[in-house]
Amino acid sequence: MCIPEPKTIWWDEGLWLIDQTQLPLKLVPLKIESIRQLVAAIKSLSVRGAPALGAAGAYSIALAAERSHATNAFDMIAELEMAADMIRNSRPTAINLSWGVDRALQAARGGESTEEIREAALRSAEGIAEEDIRVNRAIGKNGAKLLEDGDTILTHCNAGRLACVGWGTALGVVRSAVEAGKKIEVYACETRPLHQGSRLTAWELAEDKIPVTLICESMSGSLMRRGKIDKVIVGADRITRDVVFNKIGTYNHAVLAKHHKIPFYVAAPLSTFDRIYGEEDITIEERDPEEICTLAGVRLAPLGINVYNPAFDATPLELVSALITEKGVFRPPLMPPV
Ligand SMILES: CSC[C@H]1O[C@H](OP(=O)(O)O)[C@H](O)[C@@H]1O
């Protein structure tokens, strides 16, 4: 079974991305004309997911260079550095955003003229985008070996091609297993409050004709207890020396998987690893309370109620059966090479 490979973010006489807030009803390509518009797109999750944010970060430098009116290299680099700060600060937890910004900015600094800077920034961003798909294909190939024909997988949030430039990480493992001829079924957690699972994962898998069942994340324990889940596979936003940061609710599944002796896999590129730091060093993004209190404009909670709305949680590595990367599969405390 050959699965198509559309892109989530790309450059075509300017920066384009799929506006994920319009899915699953509409597939809307969005042209990004300014850094401010890109910051808004990142904050509103029009573009989201660690690897996609890495590419967005890199393309932001190419966009800033393309839009710059600087007449010399020094002034242009100063503009790019201001743009870099705006993009880095748009979402703090996923390391890939700052990683992509820094790689493209470093390339741009090698330019001696404004034109060389523009070319270097775009070449770097295009390289990161192409590298992402290659890396995700390698993650998929390494992870598919862990899946057996007939497996039922639980996944959380969206770690598919919409979270990347293409192919996906957690869903990339599923796609690679299906391409290898294995029959795989997926339970997709809707993933409140922004529903990346129902809006994006269920949509992706249905598009690829991979059997998917939508559930509320509160249902995962019951399915595990009834023997309905063979493996759990999720993505990651940052992997430190002691924990995996991923969408809020991931930790719950990891604890339940441990209790039920179900393999719990994390699929992520090496660019998501950040081993200098530990859990206590990383900021977990707190999002707008209205995301929990309203749904499609309907009020779900009393006005003025206290709300806790972290975008991510931390799963200790001892709960992770294996880290699936482009360099292979590593079982903590064993970690991939730096
Ligand atoms: C392959 S990274 C996907 C990762 O990013 C998601 O977060 P968000 O939708 O807020 O960008 C979620 O944590 C996914 O696991």
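Remember, predicted model here, so these are calculated numbers, not experimental data. Hydrogens, waters and symmetry mates are skipped; everything else that's a heavy atom, side chains included, is used. Both ligands and their constituent atoms are indexed starting at 1 by order of listing. In what follows, residues are counted from 1 in the order of the sequence shown.
The environment of Gln106 atom CD is sparse: at most 12 non-hydrogen atoms of other residues, nucleotides or ligands sit within 6.0 angstrom.
Side-chain contact of Asn158 with Glu204: a donor-acceptor pair under 3.5 Å is present, judged by distance alone.
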Under 3.5 Å, which donor-acceptor pairs link side chains of residues 53-66 to any protein atom two or more places apart or in another chain?
from  : atom 1 : to     : atom 2 : distance (Å)
Tyr59 : OH     : Glu126 : OE1    : 2.4
Ser60 : OG     : Gly57  : O      : 2.5

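Listed by first and then second residue, the salt bridge (charged side-chain N to carboxylate O under 4.0 Å, His left out) pairs involving residues 255-271 amount to none (not counting sequence neighbours). Contacts classified as salt bridge (charged side-chain N to carboxylate O under 4.0 Å, His left out) and involving residues 311-327 (residues at least two apart or in different chains) are not found.
Salt bridge annotation for Arg238-Glu279: absent, with no cationic side-chain nitrogen under 4.0 angstrom from a carboxylate oxygen.
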Less than 3.5 Å apart, N/O on ligand 1 and N/O on the protein: could you list those pairs with the distances?
from     : atom 1 : to     : atom 2 : distance (Å)
ligand 1 : 5 (O)  : Asp237 : OD2    : 3.0
ligand 1 : 9 (O)  : Arg48  : NE     : 2.7
ligand 1 : 9 (O)  : Arg48  : NH2    : 3.4
ligand 1 : 9 (O)  : Gln196 : NE2    : 2.9
ligand 1 : 10 (O) : Arg91  : NH1    : 3.4
ligand 1 : 10 (O) : Arg91  : NH2    : 2.7
ligand 1 : 10 (O) : Lys247 : NZ     : 2.6
ligand 1 : 11 (O) : Gly49  : N      : 2.9
ligand 1 : 11 (O) : Arg91  : NH1    : 3.0
ligand 1 : 13 (O) : Asp237 : OD1    : 2.5
ligand 1 : 13 (O) : Asn246 : OD1    : 3.2
ligand 1 : 13 (O) : Lys247 : N      : 3.0
ligand 1 : 15 (O) : Asn246 : OD1    : 2.5
ligand 1 : 15 (O) : Asn246 : ND2    : 3.4

